[in-house]
Amino acid sequence: MIHRSIQNALQVAVAAELPDADTSRVLVRPCDPKFGDYQSNALMALAKQRRMNPRELAGAVVARLDVSEWCSKVEIAGPGFLNFHLEPEAVSGVLKEAASSDQLFFEPAIPSRTIVIDFSSPNVAKPMHVGHIRSTILGDSLARILRLLGHRVVTDNHIGDWGTQFGMLLLGWKTILDEEALEADPIAEMERIYKAINSDESLRDAARAELLKLQSGDSENLSLWQQMIDLSQQQFDMVYGRLGVGFDYTLGESFYNDELAGVVEDLRKNKIAVESEGAMIVEFPDDSPLKGQPAIVRKSDGAANYTTTDLATLQHRQREWLPDEILYVTDGRQQLHFQQLFAIHRRWRPEVSASLEHVWFGSILGPDRKPFKTRSGEVVKLAALLDEAEERAFTVVTEKNPDLDGAARREIARIVGLGALKYADLSNNRQSDYIFDWDRMLALQGNTAPYLQYAYTRIRSIFRKAGMDEVSAGEISLSTPEEFALAKHLLNFGLALEQVAAEYRPNYLCTYLYELAGHYARFYEACPVLQSGDAQTSRLTLCDLAARVLKEGLGVLGIEVTDKM
RNA sequence: GCCCCCAUAGUUCAAAGGAUAGAACAGUGGUUUCCUAAACCAUUGAUCCAGGUUCGAGUCCUGGUGGGGGCGCCA
């Protein structure tokens, strides 16, 4: 990548001028086109530390800098910025190379890390709902992006398959289960019996008794419990199938049951956990934000809770996969829990160096800025949400392209509808709450999936018209501003991927792809491809590269493309 | 009460301590004998308040104001 070459050259020049400088912080980044193609502001910081004049330092560094292989000029601007302007021949050289390679403007990360990603985590016997969508989509996208960059990624769906709710479910199953309803819609029926038992105070003791039987290994209850899990997993698989989401492992909470007592005992022996009002708790007297907010690791009834399960899970992941990093993709409301979990783990396993990251996200709100619900105030089920996305997209496709046959329109609607839904989520900063709005996400203009998918179809349409599927590599000439701008933007795909990986924010990639589609649209307006004579092969190559980057970029967001729409 | 998160055009969102805060939607005006006009071009308009650190602050620190969330036996 040219960017990296320039950065390396700059680091060498800085090291020669200032032998004691930490050049790892000397970075080169894309910048506003009015200043150049890449920019570095590192010299201002270095000059400041040394009480030097930043422009003089810049002058001295530039005198030692040779980037003529890639740049037509390097300027010192403002208080001490370096602005780099790319040489068209250098850019077209990289494009030519990429055209005949699988490496699309990015390089594998060195070193490659092992990253465990914990996401989605639905509950057994409950419908997957809108609350699971951000975790599922974000986690899947991060997994894909980190894998593309060459990391070893382990995805683990930590489903909620254990806990007090099973007492009520078991009691309901034995007393009020409607077999036919279960057959027709198992999740709805399990939800119904749970609600029925839960709302009746007088059944509390009976439900508790069922729970105890389950916990002590009663074979009937274990078998019913397993049925509930299997029925739920079928539902999960259907939703994941539609979303194109997969997991390497599905290890639910129950997987760790046998380890919980040992974890608590270990914490007690090491004086990390202490008894309080019959429960075992961990306090954080030295940890400012956690002070006064103890975590319970064993309830007074002797049962462990989720903090303990998460500790056992951590231990298992550490032993099994030796991760460099573990990501927890969950709602921001669980921040306290994860701070406590990480703090306990640091004390319990100080030798473990894996970095633990809570990759949290904000809420999805309705137009009224309250949590997103249906009109009648119900939680929105995920399957219904996917149906509606496809249905709304089908209406649009039918309106825009009535000549396509029904099956083709259905398939396009599936790709466009699900793409729009995912992109609306991923294109926002994950930490923001965002307002769910069908019309905006499916809009045909603006920063939406349909806009990006449309850019792709326009490229494919050119190849269809040309009667070819791909173009054989040749010289690339970047003679117009639109061609040059598009080409230069293609080079930065890898930077966008790295930016996502550094902060676990796919919205950076969305922004990059949206800009790419914009550059392509301007190129498309200004530069005829077919019937452009000598320029045709060069322009077709540019089209093909843009299409490949769009497809791969959307692909790692979990979004498909289509040749026609 | 304590703790956490958030605050940017009319609206929805961006912004690696960097340059004149960037888009989109909505609004207004324009572009098609030409590869999909689901497009393109032009244009109006914003950092909650008060201090501080810095050559430079939407970004970091302190104190307010407003909103959301969490606080020992749900996850």
Side-chain angles (χ1 to χ4, degrees), chain A residues 27 29 31-32 34-35 39-41 44-45 47-48 53-54 77-81 83 121 123 158 160 162-165 253 276-283 288-301 303 305-307 309-310 330-337 339 360 362-363 365 369-371 396-397 399-401 416 424 427-429 431-435 437 439-440 442-448 450-451 453-455 457-466 499 502-503 507-508 510-511 514-515 517-518 521-522 524-532 539 543 564-565:
Chain A
L27 301 178
R29 300 197 185 127
C31 67
D32 192 316
K34 69 191 165 204
F35 298 122
Q39 165 268 103
S40 178
N41 57 40
M44 289 182 284
K48 180 173 156 185
N53 178 315
F81 292 94
N83 291 332
S121 310
N123 293 313
H158 191 67
W162 199 254
T164 48
Q165 73 272 28
E253 292 168 1
S276 166
E277 298 174 36
M280 293 297 288
I281 67 166
V282 178
E283 292 181 298
S288 155
L290 295 177
K291 200 177 344 184
Q293 303 195 83
I296 292 183
V297 293
R298 195 183 66 198
K299 302 187 284 184
S300 52
D301 67 2
N305 72 353
Y306 71 130
T307 300
T309 311
D310 279 350
T330 85
D331 194 285
R333 284 175 293 196
Q334 293 188 44
Q335 283 179 93
L336 176 60
H337 165 65
Q339 280 176 24
W360 61 270
S363 309
L365 307 178
R369 295 178 165 277
K370 300 231 173 83
V396 178
V397 175
E399 178 195 319
K400 297 287 177 188
N401 239 325
V416 172
S427 59
N428 279 325
N429 179 333
Q431 291 179 335
S432 305
D433 292 345
Y434 86 93
I435 297 184
D437 183 338
D439 293 331
R440 192 151 29 85
L442 281 163
L444 314 165
Q445 59 278 98
N447 188 7
T448 66
Y451 175 80
Q453 290 167 322
Y454 176 63
T457 65
R458 289 173 112 191
I459 301 175
R460 296 310 306 160
S461 176
I462 289 176
F463 281 88
R464 257 198 320 278
K465 278 265 158 53
Q499 225 179 330
E503 292 182 45
N507 64 301
Y508 293 141
C510 296
T511 300
Y514 178 60
E515 287 169 354
R522 286 184 285 277
Y524 184 92
E525 295 287 324
C527 305
V529 176
L530 304 176
Q531 297 154 359
S532 62
R539 287 184 177 170
C543 286
K564 292 181 188 171
M565 62 185 273

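Given the structure is predicted, the values throughout are model-derived calculations rather than measurements. Residue numbers start from 1 in every chain, and the chains themselves are labelled A, B, ... in the order their sequence lines are given, proteins ahead of strands.
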Q. On a whole-Å scale, what distance lies between the C1' atoms belonging to B/U20 and B/U47?
A. 15 Å
Q. Looking only at side-chain N and O atoms, does A/Lys400 come under 4.0 Å of OP1 or OP2 in B/A37?
A. no
**Q.** Pair partner, B/A75 [Watson-Crick or wobble, under 3.5 Å]
**A.** none
Q. The side chain of A/Glu253 lies closest to which of these nucleotides: B/A75, B/C73, B/U36?
A. B/A75
Q. When rounded to the nearest Å, what value does the distance between C1' atoms of B/G17 and B/G58 take?
A. 11 Å
(Q) Please determine whether a side-chain nitrogen or oxygen atom of A/Tyr508 lies at a distance below 4.0 Å from atom OP1 or OP2 of B/A15. (A) yes
Pick out the pairs of N or O atoms, protein on one side and nucleotides 18-22 of chain B on the other, that lie under 3.5 Å.
from: B/G18; atom 1: N7; to: A/Asn41; atom 2: ND2; distance (Å): 3.4
from: B/A19; atom 1: N6; to: A/Asn83; atom 2: OD1; distance (Å): 2.6
from: B/A19; atom 1: N1; to: A/Asn83; atom 2: OD1; distance (Å): 3.4
from: B/A19; atom 1: N1; to: A/Asn83; atom 2: ND2; distance (Å): 3.1

Q. Where the side chain of A/Lys48 is concerned, which of B/G17, B/C73, B/U12 is the nearest nucleotide?
A. B/G17
Q: Look through every strand shown and name the nucleotide pairing with B/U36 as Watson-Crick or G-U wobble, where both distances are under 3.5 Å.
A: none
Q. Between B/A39 and A/Arg522, is there an OP1 or OP2 to side-chain N/O distance shorter than 4.0 Å?
A. no
**Q.** Gap in Å between the two P atoms, one belonging to B/G70 and one to B/A75, rounded
**A.** 16 Å
Q: Taking atom C1' in both B/A14 and B/A7, compute the distance separating them and give it to the nearest angstrom.
A: 15 Å
**Q.** Length of the line joining A/Asp439:CG and B/A26:C1', which is rounded to integer Å
**A.** 13 Å
Q | Atom pair distance, as rounded to whole Å: CG in A/Asp301 and C1' in B/C73 | A | 7 Å
(Q) Looking only at the side chain of A/Lys299 (C-beta and beyond, no hydrogens), which of the listed nucleotides B/U12, B/C74, B/A38 gets closest? (A) B/C74
(Q) Side-chain N or O of A/Thr164 versus OP1/OP2 of B/C73: is the shortest distance under 4.0 Å? (A) no
Q: Select one nucleotide: of B/U36, B/C73, B/C13, the one nearest the side-chain heavy atoms of A/Arg458.
A: B/U36
Q.
For the C1' atoms, the ones on B/C48 and on B/U54, what distance do you get once it is rounded to whole angstrom?
A. 23 Å
Q.
On RNA chain B, compare the nucleotides closest to A/Gly160 and A/Gln499; which residue's is nearer the 5' end?
A. A/Gln499
Q: Just call it for A/Ala279: base, sugar-phosphate, or nothing, with non-hydrogen atoms closer than 4.0 Å on any strand.
A: base
Q: For nucleotides B/A38 and B/A15, find the distance between their C1' atoms and express it as a whole number of Å.
A: 28 Å
Q) In whole Å, what is the span from the CD atom of A/Gln431 to the C1' atom of B/G69? A) 14 Å
**Q.** d(CG, A/Asn447; C1', B/A24) in whole Å
**A.** 7 Å
Q) What integer number of Å spans the C1' atoms of B/A23 and B/A50? A) 31 Å
Q.
What contact category does A/Gln335 fall into here, base, sugar-phosphate, or nothing, at under 4.0 angstrom with non-hydrogen atoms?
A. sugar-phosphate
Q: Take atom P in B/G18 and the same atom in B/C13, then report the distance between them in whole Å.
A: 23 Å
Q: Would you indicate, yes or no, if B/G68 has its OP1 or OP2 atom less than 4.0 angstrom from a side-chain nitrogen or oxygen of A/Lys370?
A: no
